[in-house]
Chemist: 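Quick one: this structure, given as structure tokens, is what I'll be asking you about.
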Amino acid sequence: MLLIDCPFCGKRPELEFRYGGEAHIARPDDPSEFGDKAWGQFLYGRSNQRGMHAERWRHVHGCGRFFNALRDTTNDRFAATYKIGEERPALPEAQGAVEA
Amino acid sequence: MSAPFRLEGGGRIDRTRTLHFTFDGKPYAGFAGDTLASALLANGVHLVGRSFKYHRPRGIVAAGSDEPNALVSVGSGPRFTPNLRATQVELHDGLVAQSQNHWPSVNFDLGALNDLFSPLFPAGFYYKTFMWPKSAWKRFYEPKIRAMAGLGHAPTLPDPDSYAQRYAHCDALIIGAGPAGIAAALAAEAHGARVILCDEEAELGGSLLAERKGIIEGKDASAWLADAVAKLRQSPKVRWLSRTTAFGYFPHNMLGLAERMTDHLAAPADGRPRERLWQVRAKEVVLATGALERPLVFPDNDRPGIMLAGAARQYLTRYAVKPGSRAVVATAHDEAYRAALELAAASVEIAAIVDIRQDMPGPWAARARAAGLRVLPSTTLCATSGRHRVSRVEIAPCGSDGKIGARSRLDCDLVLMCGGFTPTIHLFSQARGKLRFAEKLNAFLPDGGAENLRCAGACRGIFGLESAIADGVAAGEAAARDAVGGRVEAVHAPVPLSEDGGGGRLEPLPNHRSPHRVKAFVDFQNDVTAKDVKLAVREGFRSIEHIKRYTTTGMATDQGKTSNMNALGIAASALDKPLPTVGLTTFRMPYTPVTFGAFAGSARGELFDPVRVTSTHEWAKVKGAVFEDVGQWKRARYFPVKGEDMQRAVARECQAVRQSVGLFDGSTLGKIEIVGPDAAEFMNRIYVNPWTKLEPGRCRYGVMLREDGSILDDGVVGRLAADRFHVTTTTGGAVQVLNHMEDFLQTEWSGLDCWLTSTTEQWAVIAVQGPESRKVLERLVEDIDLSSAAMPHMSVRQGHICGVPTRLFRVSFTGELGFEINVPADYGRAIWEAVFDAGFSRRITPYGTEAMHVMRAEKGYIIVGQDTDGTVTADDVGLSWAIGKAKKDFVGKRSLARPAMTDADRKQLVGLLPENPELVLEEGAQIVADRQSAIGQKMIGRKMMGEKMIGHVTSSYFSVALGRGIALAMVAGGRRRMGETLCVPMPEGVIKAVVTNPVFLDPEGKRLDA
Amino acid sequence: MQRFSALALIRHAFTGHKTWRPQWRSPEPKPRYDAVIIGGGGHGLATAYYLATEFGIANVAVLEKGWIGGGNTGRNTTIIRSNYLFDESAALYDHAVKLWEGLSQALNYNVMFSQRGVMMLAHNVHDQQSLKRHVHANRLNGVDNEWLSAPAAKAFCPPLNIEASMRYPVIGAALQRRGGVARHDAVAWGYARAADALGVDIIENCAVTAIRRGVGGAVEAVETTRGAIETRKVGVVAAGNTSTVMAMADLRMPLESYPLQALVSEPVKPIFPCVVMSNTIHAYISQSDKGELVIGAGTDAYVSYTQRGALHVPMHTLEAICELFPIFRRLRMLRNWGGIVDVTPDRSPIIGKTSVAGLYVNCGWGTGGFKATPGSGHLFAWTLAKDEPHPINAPFRLDRFRDGYLIDEAAAAAVAH
């Protein structure tokens, strides 16, 4: 069970959270301007990153807030959590590297 | 009954408490503190089971959780438990144990014919045969194989015991209470850490429990242990758990521990859980898990009476049991000498110490010689004999070139073997720590890169009592420093690794016979021999994972604790590759098997999943309601009276609503309050409907889509004020709808000023439906004008009912005049009863979900999740009227423009009337266009069809109001097919049905204003 | 290829099994192949086998970064069935079941396909509606599937608890008698051995590092840790790692990779005669030939490549198992493990061409790919060989996620209402 550092509440066990999929996939202001291909990518295309993955969590059984996290999907370690609207934090090279 | 192999004195057993037990029906006696294994050995019983594949006689090899052979079934009736290790089964009075995997008995087992024909059964033989004739696999071969396989029998009665679970947090979790672990716990505690110390054995102490001569900090080892344990027990900062196995290491320093609480007791107190599962989140972990002794691989090394040298020492010193009278010691490591000396001191005759090594650098060989023992260096053990117990071995000199000299025989009833030690790195590896291979030690050692953990003692290659304790102290101090910070000034350094202890041997002992003929076992339990491993390599299996899977080595219930390194050594030399490049198989949780019940805990019966009930639940129960599960909710499905079946009850309930008035508990509907200046704008974006112009006090049926255009949920929404909406959702959709709304509000439209509150549990909802509903309510509602003029259909008012504040909706899911009373949930039952009493003279009738379903189907109202699935759009079910055409955007809008969503052949909601009005179609039945294709499909059988299914029945009931069966269906291009006759092919025959408008009753909606 | 048979075993017994040859070679990669398959799992090996047997393309390399069958092929609960709802899915999976039925003989390798029956439990009215919809659709598609009452379900699987006092009582079940289980490793090894005998090069410990494309963007070669390999056709069959491989060709896939855990009990004598699945309370279970109860859990919630998950997931599964089968509560978990499953938005696989000429993809099997192994390999081989999909896999194209023609089996099961 992961230990997740909610930016509002601190470290809490995974069971209090709900995973929210990849982060930073912004909904377009005017979806009707998107062609089928671009809209299909928005709906379904995912980086599915092997390595540092930006993702959303919601502290559903806590403060109820969505927030973003950077987690290395090769070892499940969190490098950072940050509030919605904040920039994705830059990480030192080594942390961002993909482990084979 | 005196146990012939029990020593007069010594050991940690309690000789004042004699315990009686039976093994295979025969009575024996042992002492408190014995394991089943030690008690059997004290009674001279070595043959305790039969092996998995060849059914060879097997004895006790080890003294702990690494035991591969001595698996027994314990208990009887509902507490019968198979596959327990005799070395871990603590003796209690009245214990009943049986050996396994034989017929008719362990002494005479017909399965042993397999051993005779073993040349036919090499590794993987089953992949190469049993293929002809094809049908024989299912009828003959597979049932036979299955009957031969398996170990013990499964229990056949439900388990009466209970299991507990706990969470715990600590600064330092220390796993293993041997010298290193105890030292670590003392050090961590002394430096301010909250400590949990666990050990799989009944007593804390680990190797100290079998330590005879060691001196620690000037004290005798057992005295030091007693003091240390007393100190730990007294400390309020330490929780110590014996009989507790740390079985799994999960991400972010979460560990699973399994504590065995009652199996060792003859008569556990009532209600005491049998086991307890701990989930521990530790700031720091110290692994002090020790090392496991390896068997040597030599021909017929599996006979009863052949055991690990360290195990023999444990039986002798811890349990005061002589494992034999005359022993041959075969070794590749110094440690066996200690066992030989201690056994000799206990008057076990040592026939010889046969050491495959040429040089014995340590002091042990000299000590053994000094004690008068016969030490034979450069000597191999090349054969054993003895049917149910080893009785003789053959030894021969053997040079470093592997050449065998003249063989000689030694009689014996005990063979001790020591192939070296394998550090117990299971948990470290589960934590995804990196390993490195230490050549001299022939061992993989922890090499960093894991969680917040450190290893201490033998599990990282630090052997010897003094070193282990020093290493434990260093680890405990460091753990305390990292967990609680600041308070530790001087931390001792970990003990530097010395690789001089010797690595033992990872290859079979040389022998004179053809390697293709002898059975030198690597994995005892799964009957995997050295030649099996070599065969796998010969057949092209090059990865250790392949070799493991092909031969099944390391896949038995001991998960290869004694066999993995030997298998790896043999594979590496067969592949002619350096051992580390062949790899190590992945360690999987659990370290030792853990009872299913411990994982399941108290999640049984009603506690399996929370039960959600409404405020009228007890009332409905008293009235004899039959309930159905909808998600976690219990909902009254119908209220039978006087022995009615469902059909009759539902017919009566429907009639009551249509003719007079009915009462329905709708409290399970999800409710969300949306409040704020931008509430209407938020609603506009999340629903397909327009909301801006909806006046306060009015309601609207709302539909919301997923971003992919499919219907997510629906429900009536009331606007209470310009900035306040009372939203309802389906029963099952409540949670995901709120999450969906929060997602958009928080992450996409954070500029909108409104907020969402779940009020599902806060409001009880009582639907009062039927032409007489207004008359019933008028008597109860105080400050709301219920007339149609003042309160038209689809409106909402706030006021009081029986003095209780209410939000009263005029809405209908039945097609009748109707109201839904929302009151604070605590008043639900009182108001329900008040309405029931008020309606008594009008024969007010409670109705359940089934009647509700029938009546809404008569009106063509859909149920999301029944008439829709996750592929259906609003237009598919005839709801495009709800879409706000002027809105530029709403969730799901863009997706509706995709080609698939505008396809003319999409399935659409229609009504379906069976030609025979008596018939009720089956929900889920499929629909085809014409009779011909329906018959054709039947005849073609298993071939792909030419004519395809064009739809399916989603809802189907007998309608009393209409006097016939009615159905809703999703049919391709359905709205174009009005009036067409379609076919519903059933196994019993084809049913014809006519496509109609889905609104069967009162299409003009006159009854709503009755 | 050395024939496998009882007679061969007897013959080799006399020589101490000294003369068995490797089941597949360990060749060095050649500089050029007609087709390269990335991923040496069951699906990839089957693809190579059918390319060689059915389409005469034997100059094929299967590149595997680890050891063959080491991914989901060797980590799944081996359930095989074809009682899917939609015509497209039923056709796809039944194509596979038909191949399973003759696979041991075709490969001369006993894959131990055991048609023990797969029973799916209904616990509420909604389950019943959903399963009956499957039963009717399957019958008309020629796929066997029948509805059983709760007592009939118990008669078919005696350990099953059908007491009405259960929190979620069993009210019935759908049974596909042709469904069952097989020996997972044998499938990989059997295909590898048969493909190798036809000339296919199976190259283990060979990771692809780049996909090289020429003029017009068509595939030209793959770069690997063992050198560059020229080829005009690349089939990606990399399961959980598909997104990573496809990114080498600048394609962003509609995939997410989740941990999926499974576990086995200690082996016991035969007690469980079939496969039982419950979607509502999340458990599936069967007993292996060796005697272990093989139990599947749901996926963990988040994307991960660690091949491990959280403890609460198998705990939840065992709660369900102990509730459905109270006699198993004293049995013990022997081994738990995780795989990486690549999941598509509609829970149906992708088998077909891509926008890059010469690049084909077979992925997205989610939690249920093992059952499709022979069919998937056969259809993918067809697609590679003919540069167009077989009618059965045509609907499973990648660009359905652009125009919306999804094949949504999961959504069709809908939610409780």
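A note on names: the letters A, B, ... follow the listed sequences, proteins ahead of strands, and every chain is numbered from 1. Computed from a predicted model, the values in this text were never measured in an experiment.
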Chemist: Who wins among C/Pro345, C/Gly66, C/Gly69, C/Gly74 for the most heavy-atom pairs under 4.5 Å with chain B?
Modeler: C/Gly74
Chemist: For B/Arg538, does its backbone N or O pair with a side-chain atom of C/Trp20 as donor and acceptor, under 3.5 Å?
Modeler: no
Chemist: Considering only heavy atoms, which portion of B/Asp532 lies under 4.5 Å from any heavy atom of chain C: side chain, backbone, both, or neither?
Modeler: neither
Chemist: Can you find a pair of side-chain heavy atoms, one from C/Arg167 and one from B/Gln632, that are under 4.5 Å apart?
Modeler: yes
Chemist: Going through the checks in order, is the side chain to side chain contact (heavy atoms under 4.5 Å, CB included) test met by B/Leu277 and C/Met315?
Modeler: CA-CA 10 Å; B/Leu277 187 97; C/Met315 282 174 74; 3.5 Å; yes
Chemist: Let me know if B/Met254 has heavy atoms under 4.5 Å from chain C in its side chain, its backbone, both or neither.
Modeler: neither
Chemist: Where on C/Leu131 is there a heavy atom nearer than 4.5 Å to chain B: the side chain, the backbone, both, or neither?
Modeler: neither
Chemist: Which answer fits C/Arg402, side chain, backbone, both or neither, if we ask what part of it has an atom under 4.5 Å from a heavy atom of chain B?
Modeler: backbone
Chemist: With only heavy atoms counted, which part of B/Gln100 is less than 4.5 Å from chain C, the side chain, the backbone, both or neither?
Modeler: neither
Chemist: So what's closer than 4.5 Å to chain C heavy atoms on B/Lys138: side chain, backbone, both or neither?
Modeler: side chain
Chemist: Could you tell me whether C/Arg330 and B/Asp161 have a side-chain N and a carboxylate O separated by less than 4.0 Å?
Modeler: yes
Chemist: Test side chain to side chain contact (heavy atoms under 4.5 Å, CB included) on C/Ile68 and B/His546; report intermediate values, then the result.
Modeler: CA-CA 8 Å; C/Ile68 61 165; B/His546 276 159; 3.5 Å; yes
Chemist: What's the verdict on side chain to side chain contact (heavy atoms under 4.5 Å, CB included) for C/Tyr405 and B/Asp903, showing C-alpha distance, side-chain angles and the deciding distance?
Modeler: CA-CA 10 Å; C/Tyr405 283 96; B/Asp903 194 317; 2.6 Å; yes
Chemist: Ring centroids only, cut at 6.0 angstrom: are C/Trp337 and B/Phe587 within range, meaning strictly under it?
Modeler: no
Chemist: Quick check for you: among C/Arg21, C/Met166, C/Arg193, which has the greatest number of heavy-atom pairs under 4.5 Å with chain B?
Modeler: C/Arg21
Chemist: Heavy-atom distance under 4.5 Å to chain C: side chain of B/Phe52, backbone, both or neither?
Modeler: side chain
Chemist: If I measure from the heavy atoms of chain B, does C/Ser165 come under 4.5 Å with its side chain, its backbone, both, or neither?
Modeler: neither
Chemist: Within the 3.5 Å criterion, strictly below it, is a donor on C/Asp289 or B/Tyr126 matched to an acceptor on the partner's side chain?
Modeler: no
Chemist: Decide yes or no for B/Pro251 and C/Arg308: does some side-chain heavy atom of the first lie under 4.5 Å from some side-chain heavy atom of the second?
Modeler: yes
Chemist: Could you go step by step and tell me if B/Lys531 and C/His17 meet the side chain to side chain contact (heavy atoms under 4.5 Å, CB included) rule?
Modeler: CA-CA 9 Å; B/Lys531 71 178 178 213; C/His17 298 282; over 6 Å; no
Chemist: Does C/Trp189 have its ring centroid less than 6.0 Å away from the ring centroid of B/Phe541?
Modeler: yes
Chemist: Looking only at heavy atoms, which two atoms of C/Ser114 and B/Arg146 are closest? And how far apart?
Modeler: OG-NH2, 4.4 Å
Chemist: Between C/Asp403 and chain B, which part of the residue has a heavy atom less than 4.5 Å away: side chain, backbone, both or neither?
Modeler: both
Chemist: Name the region of C/Pro159, side chain, backbone, both or neither, that has any atom closer than 4.5 Å to a heavy atom of chain B.
Modeler: neither
Chemist: Looking at C/Ser104, C/Gly291, C/Pro270, which one has more heavy-atom pairs under 4.5 Å with chain B than the rest?
Modeler: C/Pro270
Chemist: Enter the distance from B/Asp629:CG to C/His123:NE2 here, rounded to the nearest 0.5 Å.
Modeler: 10.0 Å
Chemist: Pick one of side chain, backbone, both or neither for B/Ala556, based on which atoms fall under 4.5 Å of a heavy atom in chain C.
Modeler: backbone
Chemist: Please flag which part of B/Ile927 lies under 4.5 Å from any non-hydrogen atom of chain C: side chain, backbone, both or neither.
Modeler: neither
Chemist: Where does B/His153 contact chain C at under 4.5 Å (heavy atoms): side chain, backbone, both or neither?
Modeler: both
Chemist: Specify which of C/Ile281, C/Val111, C/Thr19 makes the most heavy-atom pairs with chain B at under 4.5 Å.
Modeler: C/Ile281
Chemist: Considering only heavy atoms from C-beta outward, does the side chain of B/Phe599 approach that of C/Leu311 to under 4.5 Å?
Modeler: yes
Chemist: Could you tell me which portion of B/Arg517 (side chain, backbone, both or neither) has an atom closer than 4.5 angstrom to a non-hydrogen atom of chain C?
Modeler: side chain
Chemist: For residues B/Arg637 and C/Val125, determine if any side-chain heavy atom of one lies less than 4.5 Å from a side-chain heavy atom of the other.
Modeler: yes
Chemist: Side chain, backbone, both or neither: which part of B/Pro78 has a heavy atom under 4.5 Å from chain C?
Modeler: backbone
Chemist: Taking C/Glu319 for its side chain and B/Gly601 for its backbone only, find out whether a donor-acceptor pair lies under 3.5 Å.
Modeler: no
Chemist: Below 4.5 Å from any heavy atom of chain C, which atoms of B/Val611 appear? Answer side chain, backbone, both or neither.
Modeler: both
Chemist: If we count only N and O atoms by modelled type, under 3.5 Å, do the side chains of B/Tyr127 and C/Arg183 hold a donor and an acceptor together?
Modeler: yes
Chemist: Can you say whether C/Asp346 sits under 4.5 Å from chain B via the side chain, the backbone, both, or neither, judging by heavy atoms?
Modeler: neither
Chemist: Indicate yes or no for a side-chain donor-acceptor contact from C/Gln105 to the backbone of B/Met131 under 3.5 Å, with no hydrogens or angles considered.
Modeler: yes
Chemist: What class does the angle between the rings of C/His316 and B/Phe608 fall in, given that below 30° is parallel, 30 to 60° is tilted and above 60° is perpendicular?
Modeler: parallel
Chemist: Please classify the contact between B/Phe247 and chain C as side chain, backbone, both or neither, with a heavy-atom cut-off of under 4.5 Å.
Modeler: side chain
Chemist: Can you find a heavy atom in the side chain of B/Asn526 that is under 4.5 Å from one in the side chain of C/Lys290?
Modeler: yes
Chemist: Heavy-atom distance under 4.5 Å to chain C: side chain of B/Leu157, backbone, both or neither?
Modeler: backbone
Chemist: So for B/Thr871, is it side chain, backbone, both, or neither that comes closer than 4.5 Å to the heavy atoms of chain C?
Modeler: both
Chemist: For C/Thr306, is it the side chain, the backbone, both, or neither that has a heavy atom closer than 4.5 Å to a heavy atom of chain B?
Modeler: both
Chemist: Using the rule side chain to side chain contact (heavy atoms under 4.5 Å, CB included), only one of B/Met949, B/Glu923, B/Glu922 pairs with C/His136; which is it?
Modeler: B/Glu922
Chemist: Is any side-chain heavy atom of B/Asp869 closer than 4.5 Å to one of C/Arg133?
Modeler: yes
Chemist: Please report the shortest heavy-atom distance between B/Pro119 and C/Ala13, naming the atom on each side.
Modeler: O-CB, 3.5 Å
Chemist: What part of C/Glu163 is in contact with chain B, defined as an atom under 4.5 angstrom from a non-hydrogen atom: side chain, backbone, both or neither?
Modeler: neither
